[in-house]
Amino acid sequence: INLKKLLFVLPVSSKIGLGHFSRCSVLSSKFPTKLFKTFLLNTEKYKNLQIFKRYFNEYLDVKFKINNKNLNNFFKIHKIIKPDYIIIDSPDINSNFRKKLTKKKILWLEFANGKKNL
């Protein structure tokens, strides 16, 4: 069986991101491990905690924001992991990033972060 790969992109640290992490960890736990492999791509500077491993198969602490100057770094990671879908729960995502995802035919689900992103 080929496992489907899900890449969760969110910021989480001791100061921010608890809501992002709560939403994504619940969602991640609903995917059967026999069919899906989940990756957490943390866009905040934070140390790998055991709690991350409880909800995600792999943890990646990239220490950069997903913004225009770091898009190439994100797409390098995407190329290595080759996820089937991306789940984004980050206020850092902008229209330029969305356009590039569309252009590259990458499938994603994004949680709305504020009225401007509905």
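Note that the numbering runs from 1 along the sequence shown for the chain.
Summarising the geometry, atom OG belonging to S25 is positioned 10.5 Å from atom CG belonging to D89; distances are rounded to the nearest 0.5 Å. Once rounded to the nearest 0.5 Å, the distance linking NZ of K104 with NZ of K99 reads 15.5 Å. Between the CZ atom of R98 and the CG atom of N96 there is a distance of 10.5 Å, given to the nearest 0.5 Å. With rounding to the nearest 0.5 Å, the separation of CD in E110 from OG in S90 is 8.5 Å. Atom CG of L27 is separated from atom NZ of K30 by 9.5 Å, given to the nearest 0.5 angstrom.
Looking at S28, its side chain does come within 3.5 Å of a backbone N or O of Y55 through a donor-acceptor pair. The main-chain N or O of V12 is found under 3.5 Å from a side-chain atom of N42 such that the two form a donor-acceptor pair. Checking side-chain atoms of H20 against main-chain N and O of L10 turns up no donor-acceptor pair under 3.5 Å. In this structure, the side chain of N94 engages the main chain of F97 through a donor-acceptor pair within 3.5 Å.
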*For I86 and F74, run side chain to side chain contact (heavy atoms under 4.5 Å, CB included): C-alpha distance rounded to whole Å, both residues' side-chain angles, the deciding distance at 0.1 Å, then the answer.*
CA-CA 12 Å; I86 300 174; F74 173 81; 3.8 Å; yes

*Run the numbers on L41 and T43 for side chain to side chain contact (heavy atoms under 4.5 Å, CB included), then give the verdict.*
CA-CA 6 Å; L41 184 107; T43 61; 4.2 Å; yes

*Criterion side chain to side chain contact (heavy atoms under 4.5 Å, CB included) on K53 and E58, from CA distance to verdict*: CA-CA 7 Å; K53 292 181 180 180; E58 298 280 336; over 6 Å; no

_Assess the residue pair I80 and F75 against the criterion (side chain to side chain contact (heavy atoms under 4.5 Å, CB included)); give the C-alpha distance rounded to whole Å, side-chain angles, the decisive distance to 0.1 Å, and a yes or no._
CA-CA 9 Å; I80 292 168; F75 288 114; over 6 Å; no

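K37 and N57 get closest at one heavy-atom pair: CA-OD1, 3.3 Å. Listed here is the closest heavy atom pair of D84 and L3: OD2-O, 4.1 Å.
Heavy-atom neighbours of K5 NZ from other residues, nucleotides or ligands within 6.0 Å: above the threshold of 12.
Under the 4.5 Å side-chain criterion, counting only non-hydrogen atoms from C-beta, N72 is not in contact with N70.
Using a 30° and 60° split on the angle between ring planes, Y59 and F52 fall in the parallel class, below 30°.
A side chain to side chain contact (heavy atoms under 4.5 Å, CB included) with I87 is found for one member of L40, T38, L6 and no other, namely L6.
Proximity of the aromatic rings of F8 and F56 is defined here by a centroid distance below 6.0 angstrom, and this criterion is met.
If you chain together hydrophobic residues whose side chains sit under 4.5 Å apart, L109 and L35 fall into the same group.
Remark: F31 pairs with F36 by the ring-ring contact (aromatic ring centres under 6.0 Å, His included) rule, at least two apart or across chains.
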